[in-house]
Amino acid sequence: MNHLDRLEAQSVYIFREAYRDFKQLGMLWSIGKDSTVLLWLARKAFFGHVPFPLIHIDTSYKIPEMIAYRNEKALEWNLNLIVGQNTEALANKQTYPDGAIDRIACCRALKADALKHTLDGTWPRLRMNHETRQLETDTNPTAFTGVIVGARADEEGSRSKERYFSPRNQDHDWDVADQPPEFWNQYKTDFAPGTHVRIHPLLDWTELNIWEYIDRENIPIIDTYFAKPGGNQRYRSLGCFPCTTPVESPSRTVKEIIEELRSGKFANIAERSGRAQDKEDGGGLETLRREGYM
Amino acid sequence: MERMNVVIVGHVDHGKSTFTGRLLADTGSLPEGKLDQVKAWCAINSRPFEYAFLLDALKDEQAQGVTIDAARCFFKSDKRHYIIIDAPGHIEFLKNMITGAARAEAAILLIDAHEGVQENSRRHGYMLSMLGIKQVAVLINKMDLANFDETVFNRIKEEYSQFLTSVGVKPSAWVPVCARDGDNLISPSERMPWYTGLDVLAVMDAFHKELPAENLPFRLPVQDVYKFTAQDDDRRIVAGTIVSGTINEGDEVIFLPSEKRSKIAKIEGFNVDPRSSIGTDMATGFTLTTQIFVKPGEMMCKTGAANSHIGTQFKANIFWLGKNPLVLGKKYKLKLGSARVQMVVKEIINVLNAAELSSEHKPEVGRHEVAEVVFQTQKPIAFDTADGHPLTSRFVIVDGYEIAGGGIVVENRSNRSGYTARLEFDSDWQMTSIDAVKRAQRAGHSAAIAIVFGAHANELSKAIETSLFEEKIAAYRIGATSPLQWERLVEMAYILADSGQVVIAAISGTSHDVVAVSDPLSRFPIVPIDSDHCTPAQAIEAIRTRI
């Protein structure tokens, strides 16, 4: 077994634990490389099937290629896709790109709040109809009790303290100081009514592992991660376009990206350095994570 | 390049975070900007820079100045990639220390040269032993506070190694360090020329990778059985992760505790080349040659090999993390392998104070204590004992919604059958609301269970039932010839006796089997009757004295 086999086995085990114990299970799909690897691992765990819905929070400011890729794969892989949005904040132009609020407040409104209300079913949400091939109003918005998320421990400080199975209370708060113990592959799968559990199958993966696995498994990945022919710009981390800047890099293939990470100029630069909201205040992201941000 | 998880443990303020921060900095392992970010934070908050802050990424930690959780960071030596788990030293966060340590293949234990061996130095040493972490190196830190004195180092080494030996931990190295200044971390310290051993990085590189449990008997806890019908998929797949051993297509397997058997038809997978054999640590799935009903929670073993025990009672060493103590009689959930079952504490043999290593008799096990206890499960489960197969002897205890403890099975205490009267456990079941004494007053006699065994159990039990019936005693005979039916027999006898009747249970076994069957029924008067040496009249007399 090499290190990718081990990571894969660990993730598959976590997926199966989650599927066994959580009746209302869903998985967040941000369309980025991590959550697409997550989706692939779900198909590994369930022998080609994805037996629960995928949830995408659409801020409306996503890089446009992301939405096209999402709808294409949802139809191709027969995915049960659910889309949520803070339609009120968008209608009232209460966003950072509208100049109304700062970046962190914008993340809170368009991502954290939208996620919270999409998960508990209190805001209207859309579901992919595979016959009409359109997103339509979800007529049965049940609350999720288990939510699978692609967070990795190496991404930034607060995520290094996550559990594989991490409980959230009724207000979606994360109590960092009082987390369940995890040992011997036994996780917290019992939870009080009204609370839910975030499940992190990718916690032990690094950015390099993700790309190595994409390479080994030949996973189709959105092409905004790659430089265009002759170009010298690509995204290393995907988010909303007003707050995400591409990096200078000529890498056009998965193998070139792996090489760049192993030895090249990104070896010592944080992956999310192109994500402006991380820098806004000392622990801004951590504050958001406690409130429900992924 | 290989990866290794190493956990840093020790008493609060003995320098774990400083050590880790300094090690990352000295090996050039910090991401660009990380050091600046932390220095900027220190400047804004008017605090002198400390290496520990590098790890304390969370706000409330910085405010409190203690590590509350096992944070992970990454670095690499020439030999391998390391994932460093910085475990908290404060007693309040023992469960986080355990979470961190359980992921590790090796541990580094720090002791402050000035303070010496403290409560959590011992407690953490004990937990490492319990969690099964065999590779341990001890660093005597803050040697600057001891004037880099070799005698101080030797004194602490002697005291602590005595303790570690008593809990079965043998350190691979003892290193004097001053983590803050980097002494003996990645190169020899000029301030301690008397120390001629390896520096910490070399000690870490000398840890060896744990070999997978390929040589232990095959075990696969069945996590689930899938039958996805989408896209006309008609496979019924038994899924799980192989804990130990290897299995091939065509191998005959047995599921425990149901003891159902089948053969591996095919090793299933997604986007993977077909394979006819699969080994330890792989998360996999199988189709079987026959359609048998297997439930999640069973243990898949190979037939003809050394298999797991089946039982309902076992002795275990446990550690308790719950806010409420572990108490006798209360129902808990046991999670062992993929099995989940209700259980009660049948006996608390002794409670050990992990810090002092003194043992005492107590009616309960408090938070952060370790103990030797006997559990009884609601229904039979498959398990191993720690000396036979450590990986499948490990379990956790759930109290309410929380994982409140963990332990290892050290001895199977089940009677041979492992039966239990599950009515006693099932909270869904509602039993009678009429008092047994009132019931006995109305009937004119109380309940009892006569267990008739031996070669003539059938005939004798029929005769007993007839005689009792004619004497207007509410009597009811049940019988089972196969031990496979005894679990049902136990349950039926329980409910019949609870309704006030005299139960005559015929079993085809020996007096030894009577013990197995009667143990879970011990709430009621039990009358064993040997059908080979007893007349109907003698049997009736024996029963009459008990009702």
Side-chain angles (χ1 to χ4, degrees), chain A residues 1 3 5-6 8-13 15-17 19-21 40 43-49 51 78 153-154 156-158 160-161 163 167 176-192 195 203-204 206 217-219 267-271 273 279 282-283 286-287, chain B residues 1-3 30-34 41 44 57-60 68-74 81 83 95-96 98-99 101-103 131 212 223-224 226 228 230-231 233 235 237 239-241 268-272 279-283 285 296 321 333 335 338 391 394-396 398 400-403 406:
Chain A
M1 262 181 126
H3 69 288
D5 293 330
R6 283 185 191 286
E8 182 192 79
Q10 169 77 345
S11 302
V12 165
Y13 177 81
F15 264 112
R16 290 174 177 168
E17 285 293 279
Y19 183 63
R20 179 177 172 194
D21 286 315
W40 195 262
R43 298 173 82 198
K44 286 270 182 189
F46 307 111
F47 304 94
H49 302 270
N78 200 28
D154 77 326
E156 40 85 27
S158 68
S160 75
K161 310 212 163 182
R163 294 290 187 263
V176 188
D178 187 19
Q179 299 202 70
E182 283 185 343
F183 50 98
W184 298 337
N185 293 324
Q186 299 287 1
Y187 307 118
K188 182 182 167 69
T189 51
D190 300 89
F191 52 95
T195 64
L203 206 57
D204 291 340
T206 65
E217 297 285 324
N218 209 4
I219 303 171
N268 287 317
I269 299 176
E271 175 187 1
S273 55
K279 297 170 185 145
E286 183 214 326
T287 313
Chain B
M1 208 182 225
E2 69 180 22
R3 290 155 56 113
L30 295 169
E32 232 174 86
K34 183 84 176 175
W41 181 89
I44 291 166
L58 297 185
K59 275 181 178 174
D60 58 350
I68 57 169
D69 204 337
R72 276 167 278 196
C73 41
F74 302 78
H81 285 278
I83 297 146
K95 62 181 182 163
N96 297 342
I98 288 166
T99 300
R103 290 177 184 148
L131 290 166
Q223 226 176 336
D224 225 328
Y226 299 128
F228 299 114
Q231 285 117 44
D233 189 345
R235 293 173 296 175
I237 302 174
T241 297
E268 298 288 343
F270 167 74
N271 198 45
V272 66
T280 307
D281 293 339
M282 296 296 281
L321 306 166
K333 181 155 110 181
K335 292 170 87 175
S338 57
L391 300 175
R394 297 169 173 173
F395 61 88
V396 301
V398 179
Y401 300 118
E402 311 300 331
I403 291 179

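Keep in mind that this is a model prediction, so the values were computed, not measured. In what follows, chains are A, B, ... by sequence order, proteins preceding strands, each numbered from 1.
Aromatic pair B:Phe270/A:Trp40: ring centres closer than 6.0 Å. A centroid separation of 6.0 Å or more is found between the aromatic rings of A:Phe47 and B:Phe228.
Contacts between A:Thr189 and chain B at a heavy-atom distance below 4.5 Å involve backbone atoms as well as side-chain atoms. Only the side chain of B:Arg3 comes within less than 4.5 Å of a heavy atom of chain A; its backbone N, CA, C and O stay farther away. Contact annotation for B:Ile44: neither backbone nor side-chain heavy atoms come within less than 4.5 Å of a heavy atom of chain A. Proximity to chain B is absent for every atom of A:Asn218, based on heavy atoms less than 4.5 angstrom apart. At a 4.5 Å heavy-atom cutoff, the contact between A:Tyr187 and chain B is made by backbone atoms alone. With a threshold of 4.5 angstrom between heavy atoms, A:Gln10 does not approach chain B through any atom at all. Heavy atoms closer than 4.5 Å to chain A are found in the side chain of B:Ile237, but not in its backbone. Using a 4.5 Å cut-off between heavy atoms, B:Thr280 touches chain A through its backbone atoms (N, CA, C, O) alone. B:Asp224 touches chain A through its side chain: at least one heavy atom from C-beta onward sits under 4.5 Å away, while N, CA, C and O do not.
In this structure, A:Ser11 OG and A:Asp204 CG are separated by 8.0 Å, a value rounded to the nearest 0.5 Å. Taken to the nearest 0.5 Å, the CZ atom of A:Phe183 stands 6.0 Å off from the CG atom of B:Leu321.
Salt bridge present: A:Lys44 and A:Glu217 bring a charged side-chain N and a carboxylate O closer than 4.0 Å. Salt bridge annotation for A:Glu182-A:Lys188: absent, with no cationic side-chain nitrogen under 4.0 angstrom from a carboxylate oxygen.
Highest contact tally toward chain A, considering only B:Ile98, B:Val272, B:Asp281, is held by B:Asp281 [criterion: heavy-atom pairs under 4.5 Å]. Looking only at heavy-atom pairs under 4.5 Å with chain B, the residue among A:Ala45, A:Pro167, A:Gly48 that has the most is A:Gly48.
Of the possible polar contacts, one joining the B:Gln223 side chain to the A:Tyr13 backbone as a donor-acceptor pair under 3.5 Å is found. Between the side chain of A:Arg163 and the backbone N or O of A:Pro180, at least one donor-acceptor pair lies under 3.5 Å.
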